[in-house]
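So you know, we letter chains A, B, ... as the sequences are listed, proteins then strands, and number each from 1. The structure displayed is predicted, hence computed values, not measured ones.
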2 protein chains.
Amino acid sequence: MERDDVLLPVEPVFLKSLRSHVYGLVRDAILSGKLKSGEKLNERQLAGSLGISTTPLKEAFRILEAEGLVRSEPRRGIYVTFDPAQAEEMMLARAAIESMIARQAAKRVSEEQILRMRALLIEMRTGLETVDVLELINLNERFHNVIHEASGCAYLRRLQGGQSIYNHTARLSVLSEERERFLAVEEHEAIADAIAERKPDLAEQRMRDHVIRSGEKHLIRVSQSEDQKDRA
Amino acid sequence: MERDDVLLPVEPVFLKSLRSHVYGLVRDAILSGKLKSGEKLNERQLAGSLGISTTPLKEAFRILEAEGLVRSEPRRGIYVTFDPAQAEEMMLARAAIESMIARQAAKRVSEEQILRMRALLIEMRTGLETVDVLELINLNERFHNVIHEASGCAYLRRLQGGQSIYNHTARLSVLSEERERFLAVEEHEAIADAIAERKPDLAEQRMRDHVIRSGEKHLIRVSQSEDQKDRA
DNA sequence: TGTTTGCGTTTGATATATCAGATTTCAAAT
DNA sequence: ATTTGAAATCTGATATATCAAACGCAAACA
């Protein structure tokens with residue numbers, strides 16, 4: 001055993017399965033509204049246009065079905081199931097789970113993790129002044145990651161990931177507002193305080209309110225841009 | 001149209017897909033501990049022993065994977081991923097989602113729904129005295145259903161369903177305790193009060209505490225019976 | 001004219017075959 | 001004795017074939 005530690009394992013990204021690839025494609029199409037709710041997805045036709053067989057496609061459908069983005073009627077077909085109401089519920093689900101994670105984090109956080117949160121918050125303040133939105137997005141994610149890590153809840157974290165419906169572009173759009181950037185950092189600081197002081201109830205409440213408030217902002221933006229498309 | 005109404009639609013249970021059947025089979029095996037965490041599931045072998053082809057089986061694996069009960073390593077195989085820690089996290093997830101549902105219910109509940117909750121609670125009190133545990137389980141479910149209905153959150157309800165890891169037997173076991181039966185009814189009454197008074201925060205908090213408390217009870221029972229098996 | 005029945009087409013469900021990555025084995029080399 | 005590496009083998013990923021249910025449309029009938 002000599003110097004194994006210097007060799008990082010190669011990211012196995014490039015051998016991602018067809019299934020997961022087409023899953024991502026369809027998922028994005030649904031969430032972005034390219035596939036309307038109620039629309040029927042023809043297995044063979046879609047497989048044909050994607051240049052793959054039906055086997056990986058129907059596996060992708062099972063994942064989407066488990067996530068609640070499509071509904072499968074036996075011997076009938078699979079139908080898209082996603083509308084603004086469900087988008088809001090997914091946001092609420094994210095709030096519920098993320099706040100439960102925050103609660104657990106407040107019980108288990110280490111001193112080292114508290115320091116890391118504080119450091120990130122200071123960086124956020126800086127990013128606020130330099131109006132570096134990209135950096136702010138990155139810091140936000142790292143901040144939440146520290147909390148996830150502190151919670152020790154791998155399953156909840158995974159479940160939470162399934163409820164995110166907004167892509168990078170949408171985040172950029174929301175954080176383009178000065179007021180929103182300011183609010184986000186304020187709320188993150190409040191959450192960090194609650195966790196650092198080991199107050200589970202408070203941490204949960206603040207995290208929930210934060211996710212719901214910023215989530216509503218997203219939803220409003222999306223519905224507005226949908227309206228614009230409709231007028232066109 | 002002549003007398004169609006007297007003909008109830010046949011329960012389409014028997015034409016349930018193979019996929020969903022084997023999904024249920026494997027899921028139960030994992031949750032009940034018959035399949036240990038880390039165990040590898042061989043596609044062909046399992047398909048063979050079940051007397052089916054690999055196609056519906058691998059679809060079932062995708063659902064289980066989306067639920068976080070198995071993990072798939074490309075070109076390697078699929079491995080069971082379920083241990084006591086995850087069981088506890090699933091219970092916490094249930095608490096998080098169910099309490100969010102209660103919160104929404106407190107905002108939207110109708111007078112008629114409040115009356116139905118009250119009626120169920122009265123029946124529970126009766127079931128408490130006659131020690132009709134089966135009836136109590138039934139009433140519990142109907143009570144929660146009213147709340148789900150009041151919340152109007154179809155997606156959250158669905159997501160919640162995926163976090164239930166205990167079967168009828170387990171529920172029976174827990175409610176065999178006099179004290180547990182009493183506590184459950186007390187908590188349900190408190191939850192109903194909060195919802196009837198349209199207090200979202202209170203309803204959420206009470207529902208969360210209820211799910212976590214009774215969930216911990218379940219977890220303890222399970223770990224104890226696991227210990228017994230280990231000694232055998 | 002409205003309803004029903006029948007058959008051909010479509011399409012999802014399932015089975016089987018093929019491909020390619022991963023593991024194992026075991027002998028040759030050091 | 002240990003290492004290496006190539007072939008055999010295992011196994012999941014993907015493609016293709018087959019089966020049967022559901023749909024649609026038109027002919028038959030009332």
Side-chain angles (χ1 to χ4, degrees), chain A residues 1-4 7 9-27 30 35 38-81, chain B residues 1-5 7 9-26 30 35 38-81:
Chain A
M1 169 174 352
E2 38 182 60
R3 303 187 57 80
D4 275 3
L7 291 177
V10 174
E11 283 288 337
V13 172
F14 51 84
L15 44 84
K16 206 173 59 171
S17 61
L18 275 184
R19 168 215 319 147
S20 60
H21 185 241
V22 56
Y23 157 74
L25 276 178
V26 179
R27 185 176 202 274
I30 293 174
L35 292 173
E39 197 162 333
K40 181 178 178 180
L41 299 179
N42 184 307
E43 227 177 67
R44 289 180 188 179
Q45 178 188 316
L46 190 51
S49 68
L50 289 171
I52 62 173
S53 80
T54 65
T55 312
L57 179 58
K58 65 194 319 156
E59 288 185 72
F61 281 160
R62 291 317 142 219
I63 306 174
L64 291 165
E65 188 183 9
E67 281 186 0
L69 293 178
V70 306
R71 170 178 43 90
S72 164
E73 294 187 14
R75 306 276 172 188
R76 289 289 192 87
I78 78 120
Y79 299 86
V80 177
T81 313
Chain B
M1 177 191 323
E2 39 183 59
R3 304 186 56 81
D4 273 4
D5 44 288
L7 292 176
V10 175
E11 281 290 337
V13 172
F14 52 83
L15 46 83
K16 210 174 56 174
S17 60
L18 276 183
R19 166 210 327 135
S20 60
H21 185 242
V22 59
Y23 156 74
L25 231 54
V26 178
I30 293 174
L35 291 174
E39 197 162 332
K40 181 177 178 182
L41 300 179
N42 184 307
E43 230 177 63
R44 290 180 188 178
Q45 178 187 316
L46 189 51
S49 69
L50 289 171
I52 62 173
S53 80
T54 63
T55 313
L57 179 58
K58 65 193 318 156
E59 289 185 70
F61 281 161
R62 291 316 142 221
I63 306 174
L64 291 165
E65 186 183 10
E67 281 186 0
L69 293 177
V70 306
R71 170 177 43 90
S72 165
E73 295 187 13
R75 307 275 173 187
R76 290 286 193 90
I78 76 119
Y79 300 86
V80 177
T81 314

OP1 or OP2 of D/dA13 under 4.0 Å from side-chain N/O of A/R19:
yes

Determine the contact category for A/I52: base if any of its heavy atoms lies under 4.0 Å from a base atom, sugar-phosphate if only primed atoms, P, OP1 or OP2 are that close, otherwise nothing.
sugar-phosphate

OG1 of B/T81 to CG of B/L69, rounded to nearest 0.5 Å, is 8.0 Å

Rounded off to whole Å, could you give me the NE2-to-P distance for the A/H21 and D/dT14 pair?
12 Å

With rounding to the nearest 0.5 angstrom, report the CZ to CG distance, A/R27 to A/L64.
8.0 Å

What is the nucleic acid contact for A/L18, judged by heavy atoms within less than 4.0 Å: base, sugar-phosphate only, or nothing?
sugar-phosphate

Distance test, side-chain N/O of A/N42 to OP1/OP2 of C/dT10, below 4.0 Å
no

Under 4.0 Å between a side-chain N or O of A/R62 and OP1 or OP2 of C/dA13?
yes

DNA chain D: 5'-proximal contact among A/G51 and B/G77 (nearest heavy atom):
B/G77

When rounded to the nearest 0.5 angstrom, what is the spacing between CD1 in A/I30 and CG in A/L41?
6.5 Å

When the distance from CZ of B/R44 to C1' of C/dG21 is rounded to whole Å, what number comes out?
13 Å

Provide, to the nearest angstrom, the distance between the NZ atom belonging to A/K40 and the C1' atom belonging to C/dT10.
8 Å

B/L57 CG - C/dT16 P separation (whole Å):
14 Å

What's the NZ-P distance between A/K58 and D/dA17, to the nearest Å?
16 Å

Please classify the nucleic acid contact of A/L41 as base, sugar-phosphate, or nothing, using heavy-atom distances under 4.0 Å.
sugar-phosphate

Atom CD1 of A/I78 and atom P of C/dT11: how far apart are they, to the nearest Å?
14 Å

Roughly how many Å is it from NZ in A/K16 to C1' in D/dT14, rounded to a whole number?
17 Å

Taking the side chain as every heavy atom from C-beta outward, state whether A/L25 and A/L50 have any pair of such atoms under 4.5 Å apart.
yes

In whole angstrom, what separates B/R75's CZ from D/dC10's C1'?
13 Å

Of the nucleotides C/dT16, C/dG12, C/dT14, which one has an atom closest to the side chain of B/T54?
C/dT16

Are A/S53 and D/dT14 close enough that a side-chain N or O sits under 4.0 Å from OP1 or OP2?
no

Taking C/dT14, D/dA15, D/dA13 as options, the one with an atom nearest any side-chain atom of A/P56 is D/dA15

Would you mind writing out the side-chain donor-acceptor pairs for residues 55-63 of chain A within the sub-3.5 Å range, not counting sequence neighbours?
| unit_1 | atom_1 | unit_2 | atom_2 | d |
| --- | --- | --- | --- | --- |
| A/K58 | NZ | A/E43 | OE1 | 3.3 |
| A/E59 | OE1 | A/R19 | NE | 3.4 |
| A/E59 | OE1 | B/R62 | NE | 2.7 |
| A/E59 | OE1 | B/R62 | NH2 | 3.4 |
| A/R62 | NE | B/E59 | OE1 | 2.6 |
| A/R62 | NH1 | A/E65 | OE1 | 2.9 |
| A/R62 | NH2 | B/E59 | OE1 | 3.4 |

Options D/dC23, D/dT14, D/dA13, nucleotide nearest the side-chain atoms of B/E43
D/dA13

For the CD1 atom of B/I78 and the CZ atom of B/R76, what is their distance to the nearest 0.5 Å?
14.5 Å

Is it the case that C/dG21 (base atoms only) and B/R76 (side chain only) share a donor and an acceptor within less than 3.5 Å, ignoring hydrogens and angles?
no

Under 3.5 Å, is there an N or O donor on one side and an acceptor on the other linking the side chain of A/T55 and the base of D/dA15?
yes

